[in-house]
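Encoded as structure tokens, the structure appears first; notes follow it.
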Amino acid sequence: MNKNISQAKSLKGEITVAADKSISHRAVIFSALARGKSVIRNLLQAEDIQSTCRCMKDLGADIQEINNTLIINGGGLQGLKEPDRVLDCGNSGTTMRLLTGLLSAQSFFSVLAGDHSLNHRPMRRVIEPMQLMGAELQGRQGGNYPPLAIKGKKLKGIEYLSPVASAQVKTTIMLAALNADGVTEIWEPEKSRDHSENMLAAMGASIKVDGLRIHLQPGKELSAQEFQVPGDISAAAFFLVAATIVPGSELKIYNVGVNPTRTGIIDILQQMGANIKLENQRTIGGEIMADIIVTAAQLKGVKIAGEVIPRLIDELPVLAVAMAVAEGESEVREAGELRIKETDRIAAICSELGKMGVAITELEDGFRIKGKEQPLKGAKVDSHGDHRIAMSLAVAALVAEGETTISNAGAVDISFPTFWDTLDKISR
Ligand code: S3P
């Protein structure tokens with residue numbers, strides 16, 4: 001699908017955004033492992049979560065949808081059964097990595113596979129800790145690429161110093177650790193999103209978090225919960241940047257999750273001069289939610305690296321758009337992780353924003369942008385089949401002269417199927 005976008009005069013209105021993808025995956029998986037009836041309200045309705053639900057149903061989970069609410073009757077930590085087909089994770093890296101942990105510690109055989117993009121994403125980061133726990137898994141190219149074949153067995157707890165700040169890696173280990181013999185401890189080099197830790201604590205697991213260290217003692221059943229999934233800050237980010245850079249804009253976004261491990265985008269946009277205010281903050285199910293008000297502002301360039309990177313990793317493509325219209329030079333470093341997302345996001349954003357006239361230079365672990373070198377111009381650009389690249393290019397198109405055509409724009413269905421309608425609703 002192609003999408004044509006023209007320059008916007010202003011963006012005005014009140015919106016909600018897609019529900020949090022990370023929390024939605026976890027709510028489905030942990031509920032299936034709990035004992036009893038969990039209720040999940042406002043679960044993300046998008047392809048990645050359909051992938052997780054499909055796999056969990058193939059594993060025998062009792063999942064029903066009633067009036068947009070998901071009801072899961074969990075059968076406990078050992079309540080799943082051997083699937084009689086390959087588990088199809090679609091485009092979802094979170095589904096594949098988290099299920100690798102879960103399935104390594106079950107008592108049956110299973111195979112995980114994905115689409116072309118996912119089958120070329122590295123899995124060694126989760127295979128290695130699983131093997132240290134005693135797991136038996138195989139994959140293509142020495143175990144690094146899917147499909148993955150897993151012969152589940154009893155695992156032992158480990159102490160693991162993760163080489164990457166990755167919530168997927170730590171959650172994979174935690175899911176295996178729930179069914180292992182002995183304690184597991186995980187250290188991260190920097191703090192990544194902590195939704196799994198919050199959820200496991202709320203469900204009664206024996207988990208302690210002390211800064212960058214997680215301590216998990218197996219043996220306790222998880223108790224069923226009622227979940228209310230907040231709006232995804234990674235989806236809100238497109239509108240935070242759009243309303244900041246389109247002159248005269250004023251937007252209110254309701255019910256956005258503002259867990260501090262996810263709010264790097266707000267911190268950096270504010271540092272660049274954005275007008276972003278949080279209202280009505282409240283905590284629901286261990287997660288903080290707020291309404292966010294954003295009005296247009298002139299931005300200045302910024303240089304970022306280090307601990308903030310995991311706190312805004314998925315927002316870097318759209319942050320590049322903000323940097324393109326900011327006064328002065330901006331730089332993103334220590335973000336090499338971007339190269340192994342749904343596509344190589346460093347290469348993709350550099351090539352596509354380059355077509356729109358942005359002075360962007362590709363670096364090994366990030367990019368450098370000379371802001372406002374020339375006005376952005378409409379162009380024919382491509383999403384590379386990546387949802388976040390598609391939406392970032394749409395935001396760039398709102399401030400570009402003339403029309404922009406985005407090919408493979410249907411990729412937004414992975415995380416935010418109502419993105420185009422929401423954009424239409426607020427564009428003046
Ligand atoms: C996610 C963690 C991040 C993020 C991804 C979702 C999660 O990946 O980029 O979109 O839900 O755990 P990494 O764990 O690879 O950093």
Side-chain angles (χ1 to χ4, degrees), residues 5-18 231-258 262-279 290-304 308 311-332 349 352-353 356-360 367 369-376 388-401 404 416 419-420 422-428:
I5 310 265
S6 302
Q7 201 170 49
K9 287 200 187 69
S10 69
L11 303 175
K12 288 212 161 112
E14 302 192 342
I15 58 171
T16 56
V17 292
D232 198 330
I233 189 159
S234 298
F238 301 104
F239 293 102
L240 294 179
V241 172
T244 296
I245 66 176
V246 175
S249 296
E250 191 170 354
L251 215 54
K252 185 163 183 177
I253 315 175
Y254 286 100
N255 307 334
V256 182
V258 289
R262 300 285 301 280
T263 47
I265 183 68
I266 295 179
D267 297 346
I268 298 302
L269 285 173
Q270 284 175 334
Q271 207 177 315
M272 294 172 80
N275 284 323
I276 298 176
K277 289 193 190 68
L278 271 56
E279 271 186 355
D291 304 331
I292 305 182
I293 296 167
V294 50
T295 54
Q298 178 53 56
L299 299 179
K300 54 183 190 305
V302 70
K303 296 198 167 147
I304 62 169
V308 76
R311 295 178 54 235
L312 50 50
I313 188 74
D314 291 339
E315 291 67 74
L316 287 170
V318 75
L319 189 59
V321 177
M323 289 170 165
V325 298
E327 205 73 62
E329 195 169 280
S330 290
E331 197 175 85
V332 174
I349 203 69
E352 303 313 305
L353 287 183
M356 299 178 79
V358 176
I360 182 165
F367 44 82
I369 296 178
K370 283 194 185 142
K372 282 196 158 175
E373 274 283 282
Q374 54 173 329
L376 267 65
R388 300 201 198 281
I389 299 292
M391 293 184 271
S392 302
L393 294 172
V395 174
L398 297 173
V399 292
E401 288 170 356
T404 296
F416 198 169
F419 175 77
W420 302 115
T422 309
L423 187 57
D424 262 1
K425 189 177 118 179
I426 57 171
S427 296
R428 300 282 182 270

Show the nearest heavy-atom pair for residues [X] and [Y], with the distance to one decimal.
X: Val318; Y: Ser392; answer: N-OG, 3.3 Å
X: Leu240; Y: Val294; answer: O-CG2, 3.7 Å
X: Ser249; Y: Ala243; answer: CB-O, 3.2 Å
X: Gln7; Y: Val399; answer: NE2-O, 3.5 Å

Counting N and O atoms only, with roles assigned by atom type, does the side chain of [X] sit under 3.5 Å from a partner on the main chain of [Y], one being a donor and the other an acceptor?
X: Arg388; Y: Glu315; value: no
X: Gln374; Y: Gly357; value: yes
X: Ser10; Y: Pro247; value: no
X: Thr404; Y: Ala397; value: no

Are the side chains of [X] and [Y] in touch, meaning some heavy atoms are under 4.5 Å apart?
X: Ile5; Y: Trp420; value: yes
X: Met272; Y: Ile268; value: yes
X: Leu11; Y: Ser427; value: yes
X: Ile292; Y: Phe239; value: no
X: Ile15; Y: Ile426; value: yes
X: Leu269; Y: Val241; value: yes
X: Ile304; Y: Leu319; value: yes
X: Glu327; Y: Leu299; value: no

Using a strict 4.0 Å threshold on nitrogen-to-oxygen distance, state whether Asp267 and Arg311 make a salt bridge.
yes

Thinking salt bridges, do Glu279 and Lys252 make one under a 4.0 Å N-O criterion?
yes

Gap separating the [atom1] atom of [X] from the [atom2] atom of [Y], nearest 0.5 angstrom:
X: Gln270; Y: Thr263; atom1: CD; atom2: OG1; value: 9.0 Å
X: Thr244; Y: Gln298; atom1: OG1; atom2: CD; value: 11.0 Å
X: Ile265; Y: Leu312; atom1: CD1; atom2: CG; value: 6.0 Å
X: Asp291; Y: Thr16; atom1: CG; atom2: OG1; value: 11.0 Å
X: Leu393; Y: Leu398; atom1: CG; atom2: CG; value: 11.0 Å
X: Lys425; Y: Glu14; atom1: NZ; atom2: CD; value: 8.5 Å

Might you confirm whether atom CD of Glu250 has over 12 heavy atoms from other residues, nucleotides or ligands at distances under 6.0 Å?
no

